[in-house]
Structures are given as C-alpha cells and as structure tokens.
Amino acid sequence: MDSQSSSQPSDSLDRLLSLFKLKRREYEYLPLPTEESFRLLELLPGTGRQKLEYRLVVAEIGRAPPYEAISYCWGDPTPRVDTMCNGKHLKIAANLGMALRSFRLPDRCRTLWADAVCINQQGNVAERSQQVQRMRKIYQNACLILVWLGDGDDEKIAKAFELVDIISNLCCRKASISTKELAFVENLRPIAIALKPDDIPVPTNGVLFKSLTYFFKAQWFGRLWVVQEVTAGPGVMVKYSHHERNWEVVSLTAVWIDIWSLHESHLNDLFYGSQKAAMMRKRHRLKPGESPTASLDLLSKFKTTDPKDKVFAILGLPLFANIQVQLSVDYAKPTSEIYRDFILAIINDRQSLSALRLVSHQDEVREDLPSWVPDFSRACSHNGNLSKFGAAHQFPFKGLERPDENSIRSSALEIDAVVEIQDITRQWFIADATFAVPSLGLKCPPHPFLTMWDLLATKSSYPTGETSTEAYAKTLTLGERLLEGGNFKKQKPETYLSEVDLWVARLRHYACNSVDNSLLIPEQSRTKYALTAHRMSRNRTFFRTAKGYFGVGPRMTRPGDWIFVLRGSRSPCLLRRKGEDFQLIGASYLHGIMDGEAVEMCKAGKLKVAKVTIR
C-alpha cells in the first residue's frame with residue numbers, strides 16, 4: 001500500500017516531464033546513415049543577444065560543402081544556454097554559446113562544425129566512438145579552424161596581442177621572412193632563438209608581458225583535444241573576446257617563450273601556458289615515423305575531462321597512425337584496458353621496450369592498472385630526458401611473453417640493489433639566504449647539494465674510475481649535458497666540469513660570506529649547471545646502490561628495489577619484488593650503465609641474464 005502510493009507522484013512527474021518536452025519540442029538526434037556521415041551546423045544570421053538558431057544537416061566526409069571547424073574548451077557544463085536547432089530546443093554549454101555568437105554573421109549563414117552539437121552526446125556511446133575516430137579527417141577537410149579562447153579582460157587581451165605582434169615581427173625580420181610564410185616553416189625554434197630578450201623594445205617585467213601571461217592562462221591551451229585540432233587544418237585563426245590573430249604568430253611567440261624562459265627567470269610565469277602552445281606547433285615531432293614516447297612526455301601534460309581521452313584524443317595524430325590501426329576508439333571499454341592496450345600497441349609497433357620509460361610511480365601503484373602500464377591520467381615526470389640513451393645496446397627486443405593479460409615477461413640484465421635514497425628538492429639547486437644569513441646572526445643550515453658533495457669527496461673512486469663527486473654531478477644532469485640555447489647539449493668534459501666547479505664555488509660563497517643575501521632572488525643565483533640539474537632531476541629521488549653506483553629515479557624508489565636493464569629498453573628500470581614476480585617502479589638514470597655497458601659486463605661474466613615477470 002505504502003510503496004504503491006509513493007510511486008504515484010513519481011509516475012505523475014514523469015508524465016508531466018514528457019508532456020513538457022513534447023510541448024517545448026526538444027530536439028532529438030537521429031542515427032547517422034553511414035560510417036562516413038557526420039553533421040554540420042548551419043548557423044543562421046543574427047546579432048548581439050538574439051537567440052542562437054541553426055540547422056543540423058548530414059554530410060559525408062570528403063564530399064561535404066565548405067565549412068569551418070571550431071576548436072574550443074567545453075568548460076563548465078552548467079549553466080546551459082537554450083538554442084533552437086532545426087526549430088526545436090537544444091541546450092548547449094555556455095562557452096560554446098559564446099563561441100557561436102562570436103562567429104555568427106549578421107547577414108548570412110555560416111557553416112560550422114562543433115563537436116558538442118554535431119556529435120550526439122546524449123548517451124549514444126557507439127556514435128561518439130565512431131565520430132571521435134574520424135575527428136582528424138573532419139578538421140583536415142575544414143576550410144579554416146576557428147579557435148575560441150573565450151571572453152576575458154579586453155584591455156589585457158589587446159596588450160597581449162600587441163606583444164605577440166612585436167615578438168613575431170622581430171623574429172621574422174631577423175629570419176628575413178614574412179609572418180605569412182610561417183605556415184610553411186616546420187620547425188620554428190631556429191627563427192625564435194635568434195631574437196634575444198634584450199632585443200625586444202619593452203621591459204620583460206612590464207605590463208605587456210604580464211598581459212601575455214594572462215593570455216596563455218586561457219583554459220584552451222591546456223586541453224589535449226586541441227593538439228589534434230590545430231595540427232590538422234590548413235589554417236588556424238585564434239579569437240579571444242573581440243580580438244583575433246593568426247595561429248602562426250601566436251605559436252611563434254609561444255616557442256620564443258619556451259626557449260628563453262629557461263634562461264630568464266622573469267619569464268617563468270609565462271612558461272607553463274606557452275609550453276603547451278609551443279608543443280602544438282612542433283610539427284616535426286608529430287610526423288609519422290617519429291618516436292611516440294618522445295612526444296607522450298609532453299602530451300601527458302595536457303588535460304581531458306574523460307581520462308579515456310588521454311589516449312583517444314591523440315590517436316588521430318600522424319605520429320600514432322600505426323597505433324590507430326591496432327587500437328580503435330571504444331568508450332565502452334574500461335580506462336585500464338585502454339591504457340594497457342595502448343602501451344602494448346606502442347611496444348609492438350616500435351619493437352622496443354623504450355615505452356616503459358613513461359612509467360614513473362610517484363607515491364603508489366594504481367590497483368586497477370598493471371605496474372608496467374603508464375597512468376596516462378597523470379603527467380609524466382621528466383622521463384623524456386631518458387630518451388637519448390641506449391642501456392640495452394646489443395641486447396635487442398625479441399618480443400614479449402604474456403603469462404596473462406596483465407603481466408609481461410622479459411629477459412633482463414640484473415645490475416644491483418638500491419641501498420640509500422634522498423629526495424631531490426628545489427633547494428638543491430638554489431644558493432640564497434635560505435641557507436645563509438650570517439649578518440642576521442643565524443647559524444647556516446647545511447645546503448643539501450653541498451652536504452652530499454662534501455660527503456662524497458671523502459669516498460673512494462666511482463665504479464667507472466671517475467671521482468665520486470664528478471659522478472654525483474653528472475648523475476643529477478643525466479650525463480655531461482648542460483642547458484644551451486634552449487636545448488640540453490652534451491659538453492666537452494673540461495667545459496662541463498668548469499660549470500660544476502662554478503656552482504660549488506657559488507654555494508660555498510653564499511654559505512660562508514658575511515654579506516646579507518636576503519635580497520637575492522633565488523633564480524639569479526643559479527649557474528648553467530644548476531639550471532640543468534633542476535630541470536633534469538627535480539622532484540625525483542637520488543639513490544646509491546650496493547656496488548656504489550649513483551642514480552636518479554621516481555619518488556617511489558626505496559632501499560631494496562632492484563635495477564635491471566630489460567631487453568630492448570633505453571634506460572635501466574627499477575623493479576620491486578612482489579612475491580615471485582616484480583612491480584615496475586619506473587625508469588631511471590644509472591650513471592655508468594646508460595650506453596650498453598651492462599651488456600659488455602654480461603659478456604665478461606660480471607652480470608647474469610634473468611627472466612623477470614612484471615605485474
């Protein structure tokens with residue numbers, strides 16, 4: 001009796017809602033007729049706050065009328081904006097509503113494509129999967145890509161675009177090309193690096209640069225889907241509020257910041273937004289045949305709403321053409337299976353275990369993922385710096401054994417066990433008043449880098465024959481590489497060691513000098529060595545092994561972990577025993593074992609080959 005009476009109001013409410021929908025004539029999607037079908041949005045003329053009205057029409061990929069594709073950030077799904085689609089009501093997100101108003105013409109229709117409207121998002125998983133698989137083609141066939149950054153502070157946006165014009169024009173002038181020719185330049189770095197910060201006729205700490213920081217903080221720059229969108233189309237126009245510019249001048253400015261923010265501390269605030277824009281413009285890194293793992297380090301820093309899109313959003317890039325053949329878009333699959341199948345497809349395509357360097361566990365291994373599968377929902381942790389090495393040189397990949405769907409088995413060279421660890425923090429690479437203010441009568445606390453240096457200076461030589469301090473310095477920069485011209489370049493031994501000596505002398509100066517250093521800006525106290533070591537090994541763990549080797553590994557590294565060189569891997573891997581098998585903690589740098597030395601030691605009978613199963 002009670003249950004029957006309680007269901008009556010609910011039934012009545014459902015009937016009322018159905019009647020309301022019928023009266024309002026809500027738009028309902030019809031199935032697409034073929035696999036090559038897609039919808040286009042014919043935006044009807046209008047101005048200002050007039051209600052948005054449009055028609056959805058079905059076309060075939062490759063045979064569609066001319067159209068422009070919108071690239072935008074979905075943003076907050078609430079509040080919703082009521083629009084008229086084919087004469088019926090359809091609610092869309094507010095940010096897309098603003099974009100459509102901005103691109104609407106006052107006197108004629110405009111044919112557009114926007115994913116949130118042109119793809120049925122109302123629970124049709126099969127259509128969503130099928131359309132996402134074809135998104136790159138949809139953007140490739142568009143006449144123009146329209147980037148919508150949103151509404152914002154008009155004055156700041158105007159000043160940001162003013163600086164974009166200054167930087168891009170100066171870069172092009174030095175390269176003796178016009179800004180229109182930038183679209184035909186594959187790699188913008190040589191053009192950007194020629195313009196030094198001192199060549200710009202405005203202060204780098206002034207209002208224009210602050211406005212540019214505001215500009216690159218737009219959410220669009222951090223969205224993973226836009227990488228595929230802006231690299232697919234024949235031309236891209238960027239619109240922010242009422243201001244617009246060609247994508248090429250915006251991306252050239254981003255590449256310039258990406259280079260010089262490594263050297264100029266006052267450009268650091270610009271780095272994190274502009275770095276993503278610079279990545280989008282690295283066409284030479286996204287071509288077929290390039291290493292997928294090299295770009296995945298950077299691509300992992302972009303965000304998606306759905307963790308599955310961390311894979312699906314990049315499958316359309318030319319770089320992953322071979323992977324897309326092996327892995328179809330299917331939103332019905334669990335995220336863990338998508339990540340697992342993706343990394344297996346890369347291993348199979350490259351015939352190498354180098355993709356395992358994408359694994360870098362910082363705190364714990366996800367229970368729903370095998371330890372050897374990267375958690376693509378999180379940004380990779382600096383492991384891109386390990387791509388240049390060849391630890392398994394002459395120990396090539398010969399396929400994987402799969403004891404079960406969540407484990408892999410491989411031959412490996414057993415190197416050594418970790419016995420001591422120390423977390424690497426930002427303070428390792430700063431010399432300032434944090435560690436020395438003698439004029440205030442404070443006792444100088446020990447500097448972490450200098451403390452380790454002095455301890456190792458008393459030790460015997462390193463296994464390679466170098467001094468322990470020399471090996472220590474090289475471990476933190478992952479070899480004899482230093483930051484130079486926006487890149488990390490291998491140095492001559494004498495050049496490298498002189499930079500190390502300069503850093504140690506700088507530390508001793510600030511640790512012992514009686515001058516008050518409280519006004520010193522930390523970044524200004526860094527040397528080329530300190531800048532390099534900070535970028536290479538920050539937020540990771542320094543470790544020492546039983547045989548005396550030094551290394552840098554993930555934050556989850558612990559004493560008792562074992563170091564192996566897996567067959568076909570570029571860098572040593574840290575494994576942790578779990579019963580009879582192992583967990584992969586992550587890739588590591590092990591000084592003296594990065595370029596095939598372990599293989600030679602095995603030939604000499606100093607190391608043995610083992611079979612390891614990783615779960």
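Because only heavy atoms are used, hydrogens play no part in the values below, and waters and symmetry mates are left out as well, while side chains stay in. Keep in mind that what you see is a predicted model, and the values were worked out from it rather than measured.
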Do [X] and [Y] come close enough that some side-chain heavy atom pair is under 4.5 Å?
X: Val419; Y: Thr545; value: no
X: Phe449; Y: Tyr472; value: yes
X: Ile314; Y: Phe342; value: yes
X: Pro463; Y: Tyr549; value: yes
X: Arg189; Y: Ile259; value: yes
X: Arg540; Y: Tyr589; value: no
X: Leu212; Y: Ile257; value: yes
X: Trp428; Y: Gln422; value: yes

Above 12 or not: heavy atoms from other molecules or residues under 6.0 Å from NZ of Lys547?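 For Lys547, atom NZ is crowded (more than 12 foreign heavy atoms under 6.0 Å).
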Just checking Glu580: does its CD atom have more than 12 heavy atoms from other residues, nucleotides or ligands closer to it than 6.0 angstrom?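 No - once you tally the heavy atoms of other residues, nucleotides and ligands closer than 6.0 Å, there are 12 at most.
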* Apply salt bridge (Lys or Arg N to Asp or Glu O under 4.0 Å) to Lys611 and list each qualifying residue two or more places apart in sequence or on a separate chain. =>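 So Lys611 forms a salt bridge (Lys or Arg N to Asp or Glu O under 4.0 Å) with Glu401.
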Got a second to check how far [X]'s [atom1] is from [Y]'s [atom2], nearest 0.5 Å?
X: Thr495; Y: Glu480; atom1: OG1; atom2: CD; answer: 9.5 Å
X: Leu299; Y: Met279; atom1: CG; atom2: CE; answer: 4.0 Å
X: Asp341; Y: Tyr339; atom1: CG; atom2: OH; answer: 13.0 Å
X: Ile563; Y: Leu413; atom1: CD1; atom2: CG; answer: 13.0 Å
X: Met594; Y: Lys388; atom1: CE; atom2: NZ; answer: 13.0 Å
X: Ile421; Y: Arg544; atom1: CD1; atom2: CZ; answer: 12.0 Å

Quick one: does [X]'s side chain have a donor or acceptor within less than 3.5 Å of a partner on [Y]'s backbone?
X: Ser407; Y: Arg615; value: no
X: Lys608; Y: Glu414; value: no
X: Arg281; Y: Glu186; value: yes
X: Trp260; Y: Pro197; value: no
X: Trp372; Y: Asn406; value: yes
X: Thr527; Y: Val500; value: no
X: Thr532; Y: Leu483; value: yes
X: His393; Y: Ala598; value: no
X: Ser352; Y: Gly568; value: yes
X: His361; Y: Pro554; value: no

Which is it for Leu502 and Ser498 under the side chain to side chain contact (heavy atoms under 4.5 Å, CB included) test, yes or no, and what are the steps along the way? CA-CA 6 Å; Leu502 178 63; Ser498 67; over 6 Å; no
Under the criterion side chain to side chain contact (heavy atoms under 4.5 Å, CB included), I'd like the reasoning laid out for Phe302 against Lys276: C-alpha separation, chi angles, the key distance, then a yes or no. CA-CA 7 Å; Phe302 290 83; Lys276 295 182 175 69; 3.4 Å; yes
Where [X] and [Y] come nearest, the two heavy atoms and their spacing:
X: Ala392; Y: Leu566; value: CB-O, 3.6 Å
X: Ser410; Y: Leu353; value: OG-CD1, 3.9 Å
X: Met536; Y: Phe488; value: CE-CG, 3.5 Å
X: Phe216; Y: Ala277; value: CE2-CB, 4.0 Å
X: Ala530; Y: Phe429; value: O-CB, 3.8 Å
X: Ser588; Y: Gly553; value: CB-CA, 4.2 Å

Could you verify whether a donor N or O on one side chain and an acceptor N or O on the other, from [X] and [Y], lie under 3.5 Å apart?
X: Gln394; Y: Lys603; value: yes
X: His591; Y: Glu466; value: yes
X: Asn348; Y: Gln326; value: yes
X: Ser377; Y: Asp375; value: yes

Intermediate values then yes/no, side chain to side chain contact (heavy atoms under 4.5 Å, CB included), Gln583 and Leu575: CA-CA 6 Å; Gln583 279 187 325; Leu575 302 183; over 6 Å; no
> Of Leu455, Thr458, Leu456, which is the lone residue that meets side-chain contact (heavy atoms from CB on, under 4.5 Å) with Ser468?
Replying inline: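 That would be Leu456.
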- request: For the residue pair Trp256 and Phe209, categorise the inter-ring angle as parallel (less than 30°), tilted (30 to 60°) or perpendicular (more than 60°).
  value: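 Correct class here is tilted.
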Could you walk me through whether Glu405 and Arg340 satisfy the side chain to side chain contact (heavy atoms under 4.5 Å, CB included) test, starting with their C-alpha distance in whole Å, then the side-chain angles of each, then the deciding distance to 0.1 Å, before giving a yes or no? CA-CA 9 Å; Glu405 63 180 10; Arg340 183 197 65 201; 3.8 Å; yes
**Prompt:** Taking NZ, NE, NH1 and NH2 as the nitrogens, is one of them in Arg508 or Asp454 under 4.0 Å from a carboxylate oxygen of the other?
**Reply:**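 Salt bridge flag = yes for Asp454 with Arg508.
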Practice problem: Mind jotting down which residue pairs meet the side-chain hydrogen bond (donor to acceptor under 3.5 Å, both in side chains) criterion with at least one end in residues 551-575? Sequence neighbours excluded, please. | Solution: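 Output for this query lists Asp561-Arg576.
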